[in-house]
Amino acid sequence: MTSQPILEVSGLTMDFGGIRALNALDLDVASGEIVALIGPNGAGKTTFFNCITGIYTPTEGNVWLTPPGGKRVSLNGLKPNKVTERGLARTFQNIRLFPKMTVLENVMIGRHCRTKAFILGAIFRDPRTRREEQDILETSYAMLEKVGLGEHCDEFAENLSYGAQRRLEIARALATEPLLLLLDEPAAGMNPQETIELEGLIKKISREGQAILLIEHDMKLVMSLSDRIFVMDYGRKIAQGTPREIRENPAVIKAYLGEEVDA
Amino acid sequence: MAVFQELKKGALISLWFVFLTFPVMVIKVDPIARTVTWRWMNALYMAIGTFIIYTLVQFFIKRRGRSKPSTVQKEAGSSVIHRLLDNPRRRAMLFVALAAAAIAFPQLLSAYQTNVMTTALMYVVLGLGLNIVVGLAGLLDLGFVAFYAVGAYTYALLNHHYGLGFWTILPLGGLLAACFGILLGFPVLRLRGDYLAIVTLGFGEIIRLVLENWGEFSKGPSGISNIARPSLFGMELDLHGSIVFNYYLMVLFVIFTIFVVNRLQNSRLGRAWIALREDEIACQAMGIDKHRTKLVAFSLGAFWAGLMGVVFAGKTTFVNPASFTFMESAIILAIVVLGGMGSIVGVILGALILILMPEYLRGLSQYRMLAFGAILVCMMIFRPQGLIANIRRTYVYKKTHNDAQAS
Ligand SMILES: Nc1ncnc2c1ncn2[C@@H]1O[C@H](COP(=O)(O)OP(=O)(O)OP(=O)(O)O)[C@@H](O)[C@H]1O
Ligand SMILES: [Mg+2]
């Protein structure tokens, strides 16, 4: 990998009381890559996402983000909304949509951090605000089309099927124009058909140059999508490498004892 | 089998109720004659009554549950009013009819009726203001009346000491209340739900207690009287003229508020409020500044309460702390909840019903409040989403999308 790194994490540690959920974790993602983060249940994968997106404040460690051609900025201690503004957008393992908003409005929320209109703009609807609203609408709709939810745009988000809700979360995250997209188990609860569609979607997004960091339990999906894989267990990184290297790594096989790791 | 289970449950609940009400309903002690009467028949009535009510409620809940939940939001909130508002021609006709009725009202009806309607309209505005905080942003605020008091006392004090007029104070009262909104907002930024409710409740009481006890500042419980009525282009109005004037003033206020709230809720800010209500963490993760959004909701809600406070002081020409008890907050909250959280039409209906109903139920004299309570309870059982369920705006996306591609 010669391309420039986007996300760099070093020595990330998170303690919950006595539990060390993350233990001096290092990780990096380069531009255009799909990187997978895998590990048994309770390994600390979601906690890792929560720490780098500012939802939890890590006990120790550094998180850096580098925009293409820009200077590296630290994400330490930023609030979640600031992190999103800098360019990390995520989906949630247990879907967190806005159930009583329409599908389109859910995506429009994603545009929030890229737009400005406030009280006066809302009340007076000056030309600038109207242009901005129009832009929000168009971009959001384009995102919905991309994930294949165009015709559902006026439904309440809560009425979508499970798989569609997961795709809506991806559209909402994409609407923030992230440098790096974080997906927390996007295939969880999907049927095989939906999983295949999801794989196509992730590949499509990736071809457009989107860097992706993916947590996933579905090994087939992980092996076929990822450029590189990080494996965690008990908060520690136990392996890292290409799908082929990981498949043959004895430490990984041990961690997944009983679970078959085949592609 | 299920029926038997239900009946058994009903019987148990009736028994429990009889037990609870036993000391009051059955035992009657006459301390003078030193006799104890056991009114067993009352226990029986109690049991039968509870059983019937319970069965009815269960029956209706079951029936509602059986009707299939709809997937499209149009169906979910389908109601006469939405159908009326959907068609542009019918909507225009409805608006014309409403405008005509609003203009003719004080001409056709007595000053008393006009006055009652003015009060109802004030609660419409208060309800719409609180609706921003509770209905849109989902922040349960039980101390809303504090901001109403701030507005009222701003006018009362400045008029009393410096003789400032209604129109000067109106924006000032609103702004001052908005500042108090931010002041309250800061400490409660981290709170949600029940905790927020308790703190705001406390805040409301603090303001009232300060007004009650800080005699040098607010004249304590005796209040401030002889506040100037709103003037019409510098003209002083007589009593009847001012009642009519206040009414038209409130009509304008209601229109203005509806306009602003409608624009707010369909804006970037309004969407952020609703997202905040739906899921705070997801909302932050999507780049919304939670604290700022909450503070704005608090202060904008408070702004309307402040405006209404000034109008209230001008209308009654007298303020004292007794007008700003928790009961007021509760009524305004009931308006929002009953009408349908987040729905403008709902809040308007809620305010008109809740304020006008007790007035017109006066015929029932002492049972008035009982009937009022019963209606509220029934509402909550049979239509917990409020009179008008809020329907989110749908956008004309297709056209704009194609346009964007064409150009
Ligand atoms: N807020 C919290 N407070 C205390 N402990 C927590 C908290 N969040 C996570 N943990 C603990 O941290 C550990 C890692 O949890 P995490 O949710 O990150 O696992 P995961 O790798 O995402 O697992 P899964 O594959 O099941 O999603 C678990 O032992 C969990 O109990
Ligand atoms: Mg997880």
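Hydrogens, waters and symmetry mates play no part in the numbers below; they use all other heavy atoms, side chains included. As the structure is a computational prediction, the values presented were derived from the model and not from experiment. Proteins get letters first, then strands, A, B, ... in listed order; numbering begins at 1 in each.
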For this session: Measure A/K116 against the heavy atoms of chain B and call it side chain, backbone, both or neither at under 4.5 Å.
Result: backbone
Exercise. Roughly how far apart are A/R125 CZ and B/R263 CZ, rounded to 0.5 Å?
Worked result: 4.5 Å
For this session: Dump the intermediate steps for side chain to side chain contact (heavy atoms under 4.5 Å, CB included) on B/L264 and A/I123, then the final yes or no.
Result: CA-CA 6 Å; B/L264 280 175; A/I123 297 174; 4.2 Å; yes
Exercise. Listed by residue number, which members of residues 162-177 of chain A have a heavy atom under 4.5 Å from any heavy atom of chain B?
Worked result: A/R172, A/A173, A/T176
Problem set entry | Note, B/M286 side chain near A/H112 side chain (heavy atom, < 4.5 Å) | no
Exercise. Is there a side-chain contact between B/H291 and A/N81, using heavy atoms and a 4.5 Å cut-off?
Worked result: no
Exercise. Any side-chain heavy atom of A/P99 sitting closer than 4.5 Å to one from B/E278?
Worked result: yes
For this session: Between chain B and each of A/T53, A/I55, A/T115, count heavy-atom pairs under 4.5 Å; write down the option with the most.
Result: A/T115
For this session: Nearest 0.5 Å please: distance from the CG atom of B/D279 over to the CD1 atom of A/I109.
Result: 11.5 Å
For this session: Could you pull out the closest heavy-atom pair between B/A285 and A/F92, with the gap in Å?
Result: CB-CZ, 3.6 Å
For this session: Tell me, yes or no, whether the heavy-atom count around A/F16 atom CZ, taken from other residues, nucleotides or ligands under 6.0 Å, exceeds 12.
Result: yes
Exercise. Is B/E280 salt-bridged to A/R96, cutoff N-O under 4.0 Å?
Worked result: no
Seminar exercise, completed: So CD1 of B/I274 and CD of A/E105: to nearest 0.5 Å the spacing works out to 6.0 Å
For this session: Show your working on side chain to side chain contact (heavy atoms under 4.5 Å, CB included) between B/R271 and A/I136 and close with a plain yes or no.
Result: CA-CA 12 Å; B/R271 286 192 299 267; A/I136 294 176; 3.6 Å; yes
Problem set entry | Under 4.5 Å from any heavy atom of chain B - which part of A/I119 | both
Seminar exercise, completed: From the list B/N262, B/I288, B/V261, the residue making the most non-hydrogen contacts under 4.5 Å with chain A is B/I288
For this session: Verify the neighbour count for atom CZ of A/R128: are there more than 12 heavy atoms of other residues, nucleotides or ligands below 6.0 Å?
Result: no
For this session: Tell me, with the steps shown, if A/K100 and B/R277 meet side chain to side chain contact (heavy atoms under 4.5 Å, CB included).
Result: CA-CA 10 Å; A/K100 287 271 183 290; B/R277 176 189 78 191; 4.1 Å; yes
For this session: Using a cut-off of 6.0 Å, state whether more than 12 heavy atoms not belonging to B/F180 lie near its atom CZ.
Result: no
For this session: Drop me the distance from B/K290's NZ to A/K79's NZ, to the nearest 0.5 angstrom.
Result: 8.5 Å
Exercise. What do you reckon, is CZ of A/R114 surrounded by more than 12 foreign heavy atoms closer than 6.0 Å?
Worked result: yes
Exercise. Among A/S140, A/A122, A/G110, who wins on heavy-atom pairs under 4.5 Å with chain B?
Worked result: A/A122
Exercise. So do A/F118 and B/L269 actually touch side chain to side chain, heavy atoms under 4.5 Å?
Worked result: yes
Problem set entry | Atom CG of B/D194 with >12 non-hydrogen neighbours under 6.0 angstrom | no
